[in-house]
Amino acid sequence: MGKNKLKKFAALETYPHVLQYNYARLQAEGFPLRGRWGADFFHNDNPIVLELGCGKGEYTVGLARRNPDRNYIGIDVKGARIYTGATMALEEKLPNVAFLRASISDITSFFAPGEVSEVWITFPDPQMQYTRRRLTSPQFLERYRQVLAPDAIIRLKTDSPFLYTYTRELVSRNDTPLLADTADLYADSNPDLPASLREIRTFYEQQWLSRGKQIKYLAFRLPDHEMEHIDEEGIERDDYRSIPRGIFSAPE
């Protein structure tokens, strides 16, 4: 392991707004803030928003800057990535930002039912070969349902035509209306789209835009029932190589 990574990991251990819980620690200690994030960590009752697979945390920090009346938590398994956003939040003294280094598969161990008001999924690995690892698969969506408040919104921003089409079809075929749907965000003049969609650009988004890729966006709510799988064989696979974005463990 490089010295730079070791330095970042050491710094994260001192950051009061970064919590690190691998599976072993979670099983041994549990998580004391489950159901208590507002009261014991943020010390307010503002809505809680998650960025799943937050990477460097650009969206977590960017949204927190724009919305001081909402609390934002970025979740990722890679500490070296989280370091960037966590350091920005610390230097700017943002009181409404936290980072959780943990597996997204364990989300129900970190949040109580109804504790989360909104979810952002920004440029995840499309996992074209592994449905169960896909962050918009029925397995993951069911985990999210267990922590989301009624009428909570899930927002997906992606460069992947495959992931966009898969998620759009999954939502539509499960009788869930899309709240927003655009296949080319920067060519879409819809004034109802949140300004943050274009104003905040993640590291990966900058990479894709520089390569001439179109950015896609979906927003939807989950239905009252568990979502069923769809046949994805007919969905065209992406024809370009992904920038490595890490692997998330899948729910059982």
Taking the side chain as every heavy atom from C-beta outward, state whether F31 and D106 have any atom pair closer than 4.5 Å.
-> no
For residues A11 and Y83, report the shortest heavy-atom separation together with the two atoms involved.
-> CB-CE1, 3.8 Å
Do other residues, nucleotides or ligands put more than 12 heavy atoms under 6.0 Å from the CG atom of D40?
-> yes
Keeping the roles fixed (side chain from N190, backbone from D192), state whether a donor-acceptor pair exists under 3.5 Å.
-> yes
Side chains of Q127 and R134, donor plus acceptor under 3.5 Å = no
Gap separating the CZ atom of R70 from the CG atom of L63, nearest 0.5 angstrom = 9.0 Å
Any link between V119 and I153 through a network of hydrophobic side chains (Ile, Leu, Val, Met, Phe, Trp, Tyr) touching at under 4.5 Å?
-> no
Just by distance, with hydrogens left out, do T87 and Y15 show a side-chain donor and acceptor under 3.5 Å apart?
-> yes
Check whether any side-chain N or O of R201 sits under 3.5 Å from a backbone N or O of Q206 as a donor-acceptor pair, and report yes or no.
-> no
D69, CG atom: more than 12 neighbouring heavy atoms under 6.0 Å = yes
So does R198 pair up with E205, basic N to acidic O under 4.0 Å?
-> no
After noting the C-alpha distance and the side-chain angles of S137 and Y166, does the key distance pass the side-chain hydrogen bond (donor to acceptor under 3.5 Å, both in side chains) rule?
-> CA-CA 9 Å; S137 69; Y166 166 82; 5.4 Å; no
Give a yes or no answer on whether the side chain of S196 reaches the backbone of P194 with a donor-acceptor pair at less than 3.5 Å.
-> no
Taking it one step at a time, do R101 and D76 satisfy side chain to side chain contact (heavy atoms under 4.5 Å, CB included)?
-> CA-CA 5 Å; R101 185 184 178 191; D76 205 300; over 6 Å; no
Do L163 and L178 share a hydrophobic cluster (ILVMFWY, side-chain heavy atoms under 4.5 Å, transitive)?
-> yes
Quick one: does K5's side chain have a donor or acceptor within less than 3.5 Å of a partner on A80's backbone?
-> no
Do you know which two heavy atoms are closest between G114 and A149, and how far apart they sit?
-> O-CB, 3.6 Å
Expected output: side-chain R145 to main-chain P223 donor-acceptor under 3.5 Å | yes
Under 3.5 Å, side chain of R173 to main-chain N/O of V171, donor-acceptor pair present?
-> no
Using distance alone, with no hydrogens and no angle criterion, decide if T122 and E51 have a side-chain donor and acceptor under 3.5 Å apart.
-> yes
What pair of heavy atoms forms the shortest contact from V18 to A86, and how long is it?
-> CG2-CB, 3.7 Å
Find out whether I73 and T60 are in side-chain contact, i.e. whether some heavy atom of one side chain is under 4.5 Å from a heavy atom of the other.
-> no
Starting at CG of L148, measure out to CD1 of I48 and round the result to the nearest 0.5 Å.
-> 11.5 Å
What do the steps show when you test R65 against L94 for side chain to side chain contact (heavy atoms under 4.5 Å, CB included), and what is the final call?
-> CA-CA 7 Å; R65 289 171 180 150; L94 295 173; 4.2 Å; yes
N/O donor-acceptor pair under 3.5 Å between S210 side chain and Q207 backbone = yes
So, R81 side chain and G53 main chain: donor-acceptor pair closer than 3.5 Å or not?
-> no
Derivation and outcome, side chain to side chain contact (heavy atoms under 4.5 Å, CB included), residues Y204 and D159 = CA-CA 9 Å; Y204 292 115; D159 58 279; 5.9 Å; no
Would you give the length of the straight line joining atom CZ of F41 to atom NE2 of H17, rounded to the nearest 0.5 angstrom?
-> 7.5 Å
For the residue pair F140 and Y144, categorise the inter-ring angle as parallel (less than 30°), tilted (30 to 60°) or perpendicular (more than 60°).
-> tilted
Testing R155, K216, R168 for salt bridge (Lys or Arg N to Asp or Glu O under 4.0 Å) with D181, which one passes?
-> R168
Nearest 0.5 Å, what's the OH-CD distance between Y164 and E169?
-> 9.5 Å
In the single-linkage hydrophobic clustering (I, L, V, M, F, W, Y; side-chain heavy atoms under 4.5 Å), do V147 and Y23 co-cluster?
-> no
Taking the side chain as C-beta and beyond, is there a heavy-atom pair between P16 and L90 under 4.5 Å?
-> yes
List the atom of Y217, the atom of A180, and the distance in Å for their closest heavy-atom pair.
-> CE2-CB, 3.6 Å
Taking the side chain as every heavy atom from C-beta outward, state whether D239 and P161 have any pair of such atoms under 4.5 Å apart.
-> no
F123 versus T158, closest heavy-atom pair with distance | CE2-C, 3.7 Å
Output yes when a side-chain donor or acceptor of R143 lies under 3.5 Å from a complementary backbone atom of Q139, and no otherwise.
-> no
same_hphob_cluster(I215, L179) at 4.5 Å side-chain heavy-atom cutoff = no
Reference residue T136; test side-chain contact (heavy atoms from CB on, under 4.5 Å); the match among L52, L218, T167, I154 = T167
Euclidean distance, I104 CD1 relative to L135 CG, rounded to 0.5 Å | 4.5 Å
Any donor and acceptor pair, going by atom type alone, linking the side chain of E118 with main-chain N or O of V49 inside 3.5 Å?
-> no
Is atom CD of E29 surrounded by more than 12 heavy atoms (other residues, nucleotides or ligands) closer than 6.0 Å?
-> yes
CD1 of I75 to CZ of F110, rounded to nearest 0.5 Å, is 8.0 Å
Note: N96 and F42 closest approach over all heavy atoms is C-CE2, 3.7 Å
Yes or no on side chain to side chain contact (heavy atoms under 4.5 Å, CB included) for T202 and K56, after CA distance, side-chain angles and deciding distance?
-> CA-CA 8 Å; T202 71; K56 295 176 181 290; over 6 Å; no
Report yes if some heavy atom in the side chain of N71 is under 4.5 Å from a heavy atom in the side chain of W37; otherwise report no.
-> no
Side chains of E236 and T165: closer than 4.5 Å at any heavy-atom pair?
-> no
Can you tell if the side chain of L141 reaches within under 4.5 Å of the side chain of L170, non-hydrogen atoms only?
-> yes
